Amino acid sequence: MDEIELIATFDTDETAKQAAKALNSWFSWIMEGDQDEDIPDFFEDFGVLADEYALDRESDIDWDETPVARARGSRVMITLEAAGTIDTLEELLEALGAYDVTMAGEED
């Protein structure tokens, strides 16, 4: 697996900051949380049901380490080693309000 960076652009710096915070909480819950309990409402402020993105760490993800989301201005950058979960992350970023999601190095 290669390390990749997803870059999502939001309307405002504040939205990007809130999205990065929610994503980091979600990443931590997936990697370390009790998945027998109800999934927390990580994305409630965005009108997105976290239940739709309740990935199982044993079967649904291909991360060895917890991904990290960072906000830089109106962009959120997610660094992770993955192969198969990229589409799910892109879909989630768009559901959170990103109007552009690319992988670092991708040409427009």
Side-chain angles (χ1 to χ4, degrees):
M1 268 184 291
D2 294 327
E3 181 174 278
I4 61 160
E5 185 170 55
L6 286 175
I7 302 168
T9 306
F10 291 84
D11 287 338
T12 67
D13 295 3
E14 186 60 30
T15 303
K17 183 178 174 182
Q18 291 174 341
K21 183 178 177 181
L23 287 162
N24 284 325
S25 295
W26 179 69
F27 292 143
S28 293
W29 179 80
I30 289 171
M31 297 298 284
E32 302 165 11
D34 183 354
Q35 296 194 348
D36 291 331
E37 294 181 14
D38 291 338
I39 184 169
D41 292 328
F42 299 114
F43 311 122
E44 183 176 36
D45 292 343
F46 297 92
V48 175
L49 295 174
D51 290 349
E52 295 177 14
Y53 297 95
L55 302 179
D56 181 88
R57 72 177 152 258
E58 301 300 324
S59 61
D60 294 336
I61 63 169
D62 55 1
W63 318 322
D64 291 329
E65 296 184 25
T66 305
V68 176
R70 318 179 295 291
R72 297 282 187 262
S74 64
R75 292 184 173 179
V76 171
M77 284 140 303
I78 300 172
T79 304
L80 72 155
E81 289 186 21
T85 54
I86 303 305
D87 291 339
T88 301
L89 289 173
E90 288 176 341
E91 178 185 314
L92 175 56
L93 288 163
E94 290 171 356
L96 296 177
Y99 61 86
D100 184 51
V101 180
T102 59
M103 234 182 310
E106 274 188 344
E107 296 189 21
D108 294 330

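Note that the coordinates shown come from a computational prediction; the quantities given were computed from them, not determined experimentally. We use all heavy atoms of the structure for the numbers below, so side chains are in, but hydrogens, waters and symmetry mates are not.
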Tyr99 meets the side-chain contact (heavy atoms from CB on, under 4.5 Å) criterion, sequence neighbours left out, with Thr9, Asp11

Sequence neighbours excluded, the answer for ring-ring contact (aromatic ring centres under 6.0 Å, His included) partners of Phe27 is Trp63

OG1 of Thr102 to CD1 of Ile7, rounded to nearest 0.5 Å, is 4.5 Å

So NZ of Lys21 and NZ of Lys17: to nearest 0.5 Å the spacing works out to 8.0 Å

For Ile39 and Ala50, the nearest pair of non-hydrogen atoms, with its separation, is CD1-O, 3.3 Å

Between the CG atom in Leu6 and the CE atom in Met77, the distance rounded to the nearest 0.5 Å is 11.5 Å

| Taking C-beta and beyond as the side chain, do Leu80 and Leu89 meet within less than 4.5 Å on heavy atoms? | yes

Taking the side chain as C-beta and beyond, is there a heavy-atom pair between Ser74 and Thr12 under 4.5 Å? no

Any chain of hydrophobic side-chain contacts (each under 4.5 Å) joining Leu49 to Trp29?
no

Heavy-atom closest pair (Ala16 atom, Gly73 atom, distance to 0.1 Å) is CB-O, 3.5 Å

Co-membership, hydrophobic cluster, residues Ile30 and Val68, 4.5 Å side-chain
no

Val76 and Ala19 have their tightest heavy-atom pair at CG2-CB, 4.3 Å

On a heavy-atom basis, the closest approach of Leu23 and Ala69 is CB-CB, 4.0 Å

Across all chains, not counting sequence neighbours, the side-chain contact (heavy atoms from CB on, under 4.5 Å) partners of Ala98 are Ala8, Phe10, Leu93, Val101

Applying side chain to side chain donor-acceptor pair (under 3.5 Å) to Glu91 and not counting sequence neighbours gives Tyr53

Between Asn24 and Pro67, the two heavy atoms sitting closest are OD1-O, 4.1 Å

Residue set satisfying salt bridge (Lys or Arg N to Asp or Glu O under 4.0 Å) with Glu5, at least two apart, ordered chain then number -> Arg70

d(Leu92 CG, Glu52 CD) to nearest 0.5 Å is 10.0 Å

With sequence neighbours left out, the residues meeting side-chain contact (heavy atoms from CB on, under 4.5 Å) with Ser25 are Phe42

